[in-house]
Amino acid sequence: MSKFSFEDLTPDLILDAIESVGIYAESGLLALNSYENRVYQFKAEDGLRYVVKFYRPERWSKAQIQEEHDFAFELAEAEVPVVAPIKHNGQSLFEHQGYVFVLFPSVGGRLFEVDNLDQLDVMGRLIGRMHQVAKSKAFEHRPTFSCEEYLHTAKVHLQKSNLVPMGISTAFYTILDLVIEQTQAQYKNVQTIRLHGDCHAGNILWAGEALMFVDLDDARQGPAIQDLWMMLSGDRQTQLLQLDTLVNAYEEFCDFDHTQLKLIEPLRAMRIIHYMGWVAKRWSDPAFVRNFSWFAEDKYWEQQILALKEQLAALQEAPLKLLP
């Protein structure tokens with residue numbers, strides 16, 4: 001477990017860091033919903049609103065963070081709507097008393113509706129535009145989606161945490177191993193491009209009349225379908241209609257490899273297991289204990305056994321296909 005703590009990130013230190021790049025806060029700091037990093041919104045003396053994000057130390061290297069920023073700048077230059085970092089003296093990545101941070105303009109908007117086919121049509125075109133830029137080159141420093149990280153390392157974090165109740169530990173790890181085995185068997189020989197990486201409704205905003213990407217913190221190499229499948233919801237028939245809407249719109253701007261449809265359920269399994277491993281890994285952070293208190297309850301782990309059984313069944317079903 002990491003010994004790192006955000007306790008030293010005091011309001012005074014935050015304000016000093018912001019001032020070090022020539023911006024002076026006029027309002028107080030409003031903490032935004034972020035567990036991995038620490039993110040605050042504020043109004044500055046210039047009358048504009050900003051967001052400052054302090055990266056969790058030891059998670060990404062400076063080279064990896066800079067690649068995230070450069071990807072955002074590349075997308076913005078290609079007129080793909082994205083909230084890109086603010087530059088000061090030609091730089092976007094700053095450091096103050098050991099904390100690495102970035103500033104963004106504060107962008108308001110309404111949330112994207114994943115069950116709205118008209119909005120999914122717009123979203124498909126937006127992701128297609130992003131991927132057309134993304135496939136022009138590969139990340140050099142950001143990682144790639146892998147079974148090692150998302151399955152095996154996540155399992156290690158769970159085992160080390162000792163949070164799985166003893167009475168159901170055998171049942172939990174038995175079904176977990178079956179899902180890992182099935183996922184690894186299906187997730188192989190994958191063609192990758194640069195991705196948003198965490199493309200769900202919470203990271204997409206309607207800003208005015210346009211959709212806009214926010215938060216490229218999880219950007220990495222991976223299959224194109226990763227940025228599409230999290231838009232799917234509901235029963236299988238509903239997902240087929242949503243998928244058809246997304247892909248048809250996507251292909252207006254970028255070619256889509258239809259063989260990647262078989263990766264949807266393996267990627268869903270990887271997300272489920274990685275999420276559990278992530279919370280277990282961060283359990284020494286008081287913010288996680290406070291906000292994920294249910295993670296230490298027997299009921300949660302009983303539910304996860306059922307969820308993993310359902311996911312194993314999904315992995316054994318025929319992959320989703322586009323409508324004829």
Taking [X] for its side chain and [Y] for its backbone only, find out whether a donor-acceptor pair lies under 3.5 Å.
{"X": "W60", "Y": "D217", "answer": "yes"}
{"X": "H200", "Y": "M230", "answer": "no"}
{"X": "T183", "Y": "V179", "answer": "yes"}
{"X": "R56", "Y": "E36", "answer": "yes"}
{"X": "R194", "Y": "K137", "answer": "yes"}
{"X": "Q226", "Y": "L267", "answer": "no"}
{"X": "Q64", "Y": "H141", "answer": "yes"}
{"X": "N248", "Y": "D244", "answer": "yes"}
{"X": "N203", "Y": "D198", "answer": "yes"}
{"X": "S169", "Y": "P165", "answer": "no"}

Are [Y] and [X] an aromatic pair, judged by ring center distance below 6.0 Å?
{"X": "H96", "Y": "F54", "answer": "no"}
{"X": "Y99", "Y": "Y55", "answer": "no"}
{"X": "F288", "Y": "W278", "answer": "yes"}
{"X": "F256", "Y": "H258", "answer": "yes"}

Please report the shortest heavy-atom distance between [X] and [Y], naming the atom on each side.
{"X": "R236", "Y": "P319", "answer": "NH2-O, 3.3 Å"}
{"X": "I204", "Y": "C199", "answer": "CD1-SG, 4.2 Å"}
{"X": "Y40", "Y": "A31", "answer": "CD2-CA, 3.7 Å"}
{"X": "V100", "Y": "I65", "answer": "CG1-CD1, 4.2 Å"}
{"X": "A72", "Y": "L216", "answer": "CB-CD1, 3.6 Å"}
{"X": "W283", "Y": "V289", "answer": "O-CG2, 3.1 Å"}

Does the side chain of [X] pick up a donor-acceptor pair with the side chain of [Y] at under 3.5 Å?
{"X": "Q239", "Y": "D235", "result": "no"}
{"X": "Q119", "Y": "W206", "result": "yes"}
{"X": "D257", "Y": "T259", "result": "yes"}
{"X": "T144", "Y": "Q221", "result": "no"}

### Message
Evaluate H131 against Y250 for ring-ring contact (aromatic ring centres under 6.0 Å, His included), listing each step before the verdict.
### Response
CA-CA 9 Å; H131 284 185; Y250 179 98; 5.4 Å; yes

For [Y], is there an ion pair with [X] - N to carboxylate O distance below 4.0 angstrom?
{"X": "R142", "Y": "D218", "value": "no"}
{"X": "D8", "Y": "R38", "value": "no"}
{"X": "E79", "Y": "R129", "value": "no"}

### Query
Taking the six-membered ring of Y187, is NZ or CZ of K262 closer than 6.0 Å to its centre and within 45° of its axis?
no

### F145 six-ring face occupied by R220 cation (under 6.0 Å, within 45°)
yes

### Message
Is the ring pair F213/H196 parallel, tilted or perpendicular, if the boundaries are 30 and 60 degrees?
### Response
tilted

When rounded to the nearest 0.5 angstrom, what distance separates [atom1] in [X] from [atom2] in [Y]?
{"X": "L117", "Y": "T245", "atom1": "CG", "atom2": "OG1", "answer": "4.5 Å"}
{"X": "K281", "Y": "M276", "atom1": "NZ", "atom2": "CE", "answer": "16.0 Å"}
{"X": "Y150", "Y": "H274", "atom1": "OH", "atom2": "NE2", "answer": "4.5 Å"}
{"X": "L320", "Y": "I264", "atom1": "CG", "atom2": "CD1", "answer": "5.0 Å"}
{"X": "L93", "Y": "E68", "atom1": "CG", "atom2": "CD", "answer": "9.0 Å"}
{"X": "I86", "Y": "Q91", "atom1": "CD1", "atom2": "CD", "answer": "14.5 Å"}

Are there more than 12 heavy atoms of other residues, nucleotides or ligands under 6.0 Å from atom [atom1] of [X]?
{"X": "Q316", "atom1": "CD", "value": "yes"}
{"X": "E140", "atom1": "CD", "value": "no"}
{"X": "D255", "atom1": "CG", "value": "no"}
{"X": "Q237", "atom1": "CD", "value": "no"}
{"X": "Q159", "atom1": "CD", "value": "yes"}

Just distance, no hydrogens or angles: give the donor-acceptor pairs under 3.5 Å from side chains in residues 290-304, sequence neighbours left out.
from	atom 1	to	atom 2	distance (Å)
N291	ND2	A287	O	2.7
W301	NE1	L163	O	3.4
W301	NE1	F295	O	2.8

### Query
Checking side-chain contact (heavy atoms from CB on, under 4.5 Å) for the pair L48/K43: CA distance, chi angles, key distance, verdict?
CA-CA 6 Å; L48 301 177; K43 183 178 179 181; over 6 Å; no

### Query
Quick one: side-chain hydrogen bond (donor to acceptor under 3.5 Å, both in side chains) pairs with a partner in residues 16-32, sequence neighbours left out?
none

### Message
The criterion is side-chain hydrogen bond (donor to acceptor under 3.5 Å, both in side chains); which residues satisfy it with S34, sequence neighbours excluded?
### Response
none

